[in-house]
**Q** 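One structure, pasted below without further comment.
So that the names make sense, note that chain A is the first sequence line, chain B the second, and so on, each numbered from 1.
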There are 2 protein chains.
Amino acid sequence: MKYIEKLRNSGLRPTKQRLQICDVLFNTDKTFHFTINELEQKIKKQTNSKISLATVYNTVHAFEKKGYLKQIPINSSETYFDTNVTDHHHFYDLKEEKLIDLENSDVGPINILKKINGKKIKSVEVLVKLEE
Amino acid sequence: MKYIEKLRNSGLRPTKQRLQICDVLFNTDKTFHFTINELEQKIKKQTNSKISLATVYNTVHAFEKKGYLKQIPINSSETYFDTNVTDHHHFYDLKEEKLIDLENSDVGPINILKKINGKKIKSVEVLVKLEE
DNA sequence: CACTTTTTTAGAATCATTATAAACTAGTTA
DNA sequence: TAACTAGTTTATAATGATTCTAAAAAAGTG
Ligand SMILES: [Mn+2]
Ligand SMILES: [Mn+2]
Ligand SMILES: [Zn+2]
Ligand SMILES: [Zn+2]
């Protein structure tokens, strides 16, 4: 398996569950956005084993902490995650409740002029809401 | 009371509870950010009557629908609202868990180059996360 | 294998938010 | 003012995403 080293290097034991989740999340050309429940469905479909919901939560949070996933700030009852961890932005289609990537090159350079004393900028994220 | 007409014009009956909430939310020079629970505390302090939590939720959602409040997209266990309904952006201080306004003039113009078929841009919001 | 540490798991707990449905109130008309 | 209706408030229950718990299982080490 190609994810064993990646996990070991992160200090995460390469368990069967984590490898399966890696496979669903990262073994694809395209990156994607998901909620925990959507991921659970995807795991059920693509593998034939069932991973407990607690493990899915634990793993997603562990991967997020290691920088393999990003959480997307959005007002939704469920938290959205992104397998695209490069700096980029999002459209949010209010009707479909779907996220669409907006690459940095699709947004002009963003220059934050205001400074806050003693604080550093960690990230700059643009959310563009779409309606009909 | 100065909010009676505002409510009537919005098709909302000017009840005692709504007028009290208006007073807490809008009868001030400065705009501010709040969660439902922070608002409940503020109401308790500033008025001497107790408004039921359900009414606070109902009223905030009614005001949001009428455009008197905005919801701020952020990953937090509680939903944040803003009495500043002009187009503007936010810093989010990760340590203090506090929002700080970032006026349009503090951010260069944002030009979204990518277009989505059949969709219109409703809003463009920038969230700048701050760390130590 | 023996031993330790990490991980998984089912189920319980938490907590923000929403739903319910009965009591109350504002606005309207007689 | 009384009667009527639609809208509102309220206490409380329900919902649902997420986190917690603690026991069992698995991984790593020698
Ligand atoms: Mn997380
Ligand atoms: Mn709302
Ligand atoms: Zn994305
Ligand atoms: Zn604001």
**Q** From the options C:dT8, C:dA19, C:dT18, select the nucleotide whose nearest atom is closest to the side chain of B:Ala54.
**A**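 Nearest to the side chain of B:Ala54 among the choices is C:dA19.
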**Q** So, does A:Asn75 use its side chain to make a donor-acceptor pair with the main chain of B:Ile72 at under 3.5 Å?
**A**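 Pair found, side chain donor or acceptor close to backbone of B:Ile72.
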**Q** Taking only side-chain nitrogens and oxygens of B:Thr79, does any of them come within less than 4.0 Å of OP1 or OP2 of C:dA16?
**A**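 Checking B:Thr79 against C:dA16: no side-chain N or O falls below 4.0 Å of OP1 or OP2.
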**Q** Would you find a donor on one side and an acceptor on the other, under 3.5 Å apart, between the side chain of A:Thr83 and the backbone of A:Phe32?
**A**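 Pair found, side chain donor or acceptor close to backbone of A:Phe32.
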**Q** Could you tell me whether the side chain of A:Arg13 has a donor or acceptor atom within less than 3.5 Å of a complementary atom in the base of C:dT5?
**A**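 Side chain to base: pair found, below 3.5 Å.
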**Q** Under the 3.5 angstrom rule, does the side chain of A:Lys114 hit a backbone N or O of B:Val107 as a donor-acceptor pair?
**A**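 Checking the backbone N and O of B:Val107 against the side chain of A:Lys114, no donor-acceptor pair under 3.5 Å is found.
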**Q** Please work out if B:Thr15 contacts a base, only the sugar-phosphate, or nothing of the nucleic acid, heavy-atom cut-off 4.0 Å.
**A**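 Counting heavy atoms under 4.0 Å across all strands, the contact made by B:Thr15 is with sugar-phosphate only.
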**Q** Using whole Å, what does the distance between atom P of nucleotide C:dT8 and atom CD of A:Glu40 come to?
**A**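 Distance, rounded to whole Å: 15 Å.
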**Q** Nearest-nucleotide wise, let me know which of B:Leu53 and B:Arg18 is further upstream toward the 5' end of DNA chain D.
**A**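 In this pair, the answer is B:Arg18.
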**Q** Checking all strands, does A:Thr35 fall into the base, sugar-phosphate, or nothing category for heavy-atom contacts under 4.0 angstrom?
**A**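 The residue A:Thr35 makes no contact with any strand.
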**Q** Do the side-chain N or O atoms of B:Gln17 get closer than 4.0 angstrom to the phosphate oxygens (OP1, OP2) of D:dT10?
**A**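 For B:Gln17, the contact criterion (side-chain N or O under 4.0 Å from OP1 or OP2 of D:dT10) is met.
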**Q** OP1 or OP2 of C:dT17 less than 4.0 angstrom from a side-chain nitrogen or oxygen of B:His61, does that happen here?
**A**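 For C:dT17, neither OP1 nor OP2 has a side-chain N or O of B:His61 closer than 4.0 Å.
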**Q** To the nearest Å, give me how far apart NZ (A:Lys16) and C1' (D:dA26) are.
**A**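 These atoms are roughly 11 Å apart.
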**Q** In whole angstrom, what separates A:Arg8's CZ from C:dT7's C1'?
**A**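 Whole-Å distance recorded here is 14 Å.
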**Q** Should A:Tyr57 be listed as having a side-chain N or O under 4.0 Å from OP1 or OP2 of D:dT19?
**A**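 For D:dT19, OP1/OP2 do not have a side-chain N/O of A:Tyr57 under 4.0 Å.
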**Q** From CD1 of B:Ile36 over to P of C:dT18, roughly how many Å is that when rounded to an integer?
**A**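 In whole Å, C:dT18 P lies 8 Å from B:Ile36 CD1.
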**Q** Would you please confirm or rule out a distance under 4.0 Å between OP1 or OP2 of C:dA10 and any side-chain N or O of A:Lys50?
**A**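 Result: yes.
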**Q** What is the nucleic acid contact for A:Ser77, judged by heavy atoms within less than 4.0 Å: base, sugar-phosphate only, or nothing?
**A**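 Sugar-phosphate, backbone atoms only, no base.
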**Q** Determine, for A:Glu38 against A:Lys45, whether the closest basic-nitrogen to carboxylate-oxygen distance falls under 4.0 angstrom.
**A**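 So A:Glu38 does not pair with A:Lys45 through a salt bridge.
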**Q** Please confirm whether the backbone N or O of B:Lys95 pairs with a side-chain atom of B:Asp93, one donor and one acceptor, at under 3.5 Å?
**A**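 Yes: the side chain of B:Asp93 pairs with the backbone of B:Lys95.
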**Q** Within this structure, what is the CG-to-C1' distance between A:Leu12 and C:dT8, rounded to whole angstrom?
**A**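 Rounding to the nearest Å, CG of A:Leu12 and C1' of C:dT8 are 14 Å apart.
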**Q** Send over the distance from B:Ile4 CD1 to C:dG27 P, rounded to a whole Å.
**A**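 After rounding, the reported distance stands at 8 Å.
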**Q** Where the side chain of A:Asn37 is defined as all heavy atoms beyond and including C-beta, which of C:dT9, C:dA10, D:dA17 is the nearest nucleotide?
**A**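 Among C:dT9, C:dA10, D:dA17, the one nearest the side chain of A:Asn37 is D:dA17.
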**Q** Taking atom C1' of C:dT7 as reference, at what distance in whole Å does atom CD1 of A:Ile21 sit?
**A**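 After rounding, the gap between these two atoms is 12 Å.
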**Q** Rounded to whole Å, how long is the line connecting atom CZ of B:Phe81 with atom P of C:dT17?
**A**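 These atoms are roughly 7 Å apart.
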